Amino acid sequence: MKSLKDKVVVITGAGSGIGRALALNCAERGSLLALSDVDEAGLAETVALVTDAGVSKVRSDRLDVSDRDAFARYALNVVQDFGRVNVVVNNAGVALAGDLADLEYTDMDWIIGINFWGVVHGTKEFLPHLIASGDGHVVNLSSLFGLISMPGQSMYNASKYAVRGMTEALREEMLIARHPVGVTSVHPGGIKTAIARNARVSAKEDQAATANLFDKKLARMTPEKAAEIIVKGILKNQARVLVGIDAHALHTLGKLAGSRYQDIIAHSAKRVLPAKAKVV
């Protein structure tokens, strides 16, 4: 895929953050957009922004990506509306902080439903249409935490490792079958989004302290810069896109140190992570 001009681009989680920035980036490149989010107010703001940017056609839908039947209906409606789909960006995601021993199953099901099954639904439901387009691309948002693991992020890690594994296997399948579909796994580091502020936490985590740590010390890159890196990765048909110096640095640490990186991270985390909340 050499250009996004006149391509139909589907983006989930488009109501804010990286999803919104991707929508704007694609709009400025002349794409037609199908945008979705559970946050209808945020989605409406994104639609207004891409309209101002000159997008020729935009569709917006409230969509819970974890709802398989709803996603199947959504995919059919988008294809019927536009006649084709060229790019699908499975971006919608959430966070859950807390040691595994302290997490509730309902929250664990919640994050896997959105972060993993949401990506599976978006990939599988649109894949036949991407193949039929003759020039398709699947973009799945994993994370730096899909390359290395972090304490207090066990289920987030699990969901993002799963996305990476599924996406890499899909790319291999498309190559073997010689289907005209590129596949890219994206691994952002700390991006200035609301994901930490909107995260769920265990009863022993301090929500405000966790969000503050992310916002002030870990989130270094703007969503707009992240979007530009991701779009360039799509146009180059990269298998893996690392976003941010932190993503590159910690990925390199993991490769050089092997499994010993876990000892290094555990030692460092003691000095960085906020204290646990007092459970009354």
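None of these values were measured; they are calculated from a predicted model.
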Heavy-atom closest contact (Val85 atom, Ser133 atom, distance): O-CB, 3.3 Å
Spatial distance of atom CZ (Arg20) from atom CG (Asn25) [nearest 0.5 Å]: 14.5 Å
Pairwise distance CZ(Arg29) to OG(Ser3) - rounded to 0.5 angstrom: 8.0 Å
Same apolar cluster (I L V M F W Y, side chains within < 4.5 Å links), Val241/Val138: no
Side-chain (Asn91) to main-chain (Gly13) donor-acceptor, under 3.5 angstrom: yes
Flag if over 12 foreign heavy atoms under 6.0 Å of NZ, Lys124: no
Shared hydrophobic cluster for Leu147 and Val139 (ILVMFWY, side-chain gaps under 4.5 Å): no
Distance in Å, Ile11 CD1 paired with Asp37 CG, rounded so as to fall on 0.5 Å steps: 11.0 Å
Exceeds 12 heavy-atom contacts within 6.0 angstrom, atom CD1 of Ile245: no
Test log, rule side chain to side chain contact (heavy atoms under 4.5 Å, CB included), inputs Arg171 and Asn237: CA-CA 11 Å; Arg171 184 179 175 94; Asn237 192 23; 3.3 Å; yes
Side-chain heavy atoms of Leu103 within contact of Leu96, under 4.5 Å: yes
Same apolar cluster (I L V M F W Y, side chains within < 4.5 Å links), Val243/Ile18: yes
Close side-chain approach of Leu127 and Met174, heavy atoms under 4.5 Å: yes
Joint hydrophobic cluster, Val120 plus Val38, side-chain heavy atoms closer than 4.5 Å: no
Side-chain heavy-atom pair Pro188, Leu141 within 4.5 angstrom cut-off: yes
Candidate pair Glu125 and Arg68, rule salt bridge (charged side-chain N to carboxylate O under 4.0 Å, His left out), full reasoning: CA-CA 9 Å; Glu125 294 301 328; Arg68 185 170 301 164; over 6 Å; no
Joint hydrophobic cluster, Val65 plus Val10, side-chain heavy atoms closer than 4.5 Å: yes
Candidate pair Lys204 and Glu104, rule salt bridge (charged side-chain N to carboxylate O under 4.0 Å, His left out), full reasoning: CA-CA 11 Å; Lys204 292 186 179 180; Glu104 300 291 339; over 6 Å; no
Within 6.0 Å of NZ in Lys236, more than 12 heavy atoms from elsewhere: no
Distance (rounded to the nearest 0.5 Å) between Lys160 NZ and Asn157 CG: 10.5 Å
CZ/Arg62: more than 12 non-hydrogen atoms of other groups inside 6.0 Å: yes
Side-chain heavy atoms of Leu175 within contact of Glu172, under 4.5 Å: no
Over all atoms of both residues, closest heavy-atom pair of Met108 and Leu100: CE-CD1, 3.8 Å
Asp61 side chain vs Leu63 backbone, donor-acceptor pair below 3.5 Å: no
Gap separating the CG atom of Leu32 from the CG atom of Leu4, nearest 0.5 angstrom: 11.0 Å
Flag side-chain contact, heavy atom, 4.5 Å: Ser149 against Tyr161: yes
Worked verdict on Thr193 versus Ser16 for side chain to side chain contact (heavy atoms under 4.5 Å, CB included): CA-CA 8 Å; Thr193 72; Ser16 64; over 6 Å; no
Between Asp135 and Asn86: side-chain donor-acceptor atoms closer than 3.5 Å: no
Under 3.5 Å side-chain donor-acceptor pair for His121 and Thr123: no
Pairwise side-chain contact, Val183 with His137, heavy-atom cut-off 4.5 Å (strictly under): no
Audit row: Asp102, Ser202, side-chain hydrogen bond (donor to acceptor under 3.5 Å, both in side chains) steps and yes/no: CA-CA 6 Å; Asp102 302 324; Ser202 77; 4.6 Å; no
Verdict with supporting geometry, Arg59 and Val78, side chain to side chain contact (heavy atoms under 4.5 Å, CB included): CA-CA 8 Å; Arg59 174 192 174 104; Val78 168; 4.0 Å; yes
Any donor-acceptor N or O pair under 3.5 Å, side chains Asn77, Arg73: no
Side-chain (Thr184) to main-chain (Gln238) donor-acceptor, under 3.5 angstrom: yes
Spatial distance of atom CE (Met150) from atom OG (Ser268) [nearest 0.5 Å]: 8.5 Å
Ser159 versus Asn115, side-chain donor and acceptor atoms under 3.5 Å: yes
Close side-chain approach of Ser142 and His187, heavy atoms under 4.5 Å: yes
Check against side chain to side chain contact (heavy atoms under 4.5 Å, CB included), Tyr156 and Ile195: CA-CA 12 Å; Tyr156 187 80; Ile195 190 168; 4.2 Å; yes
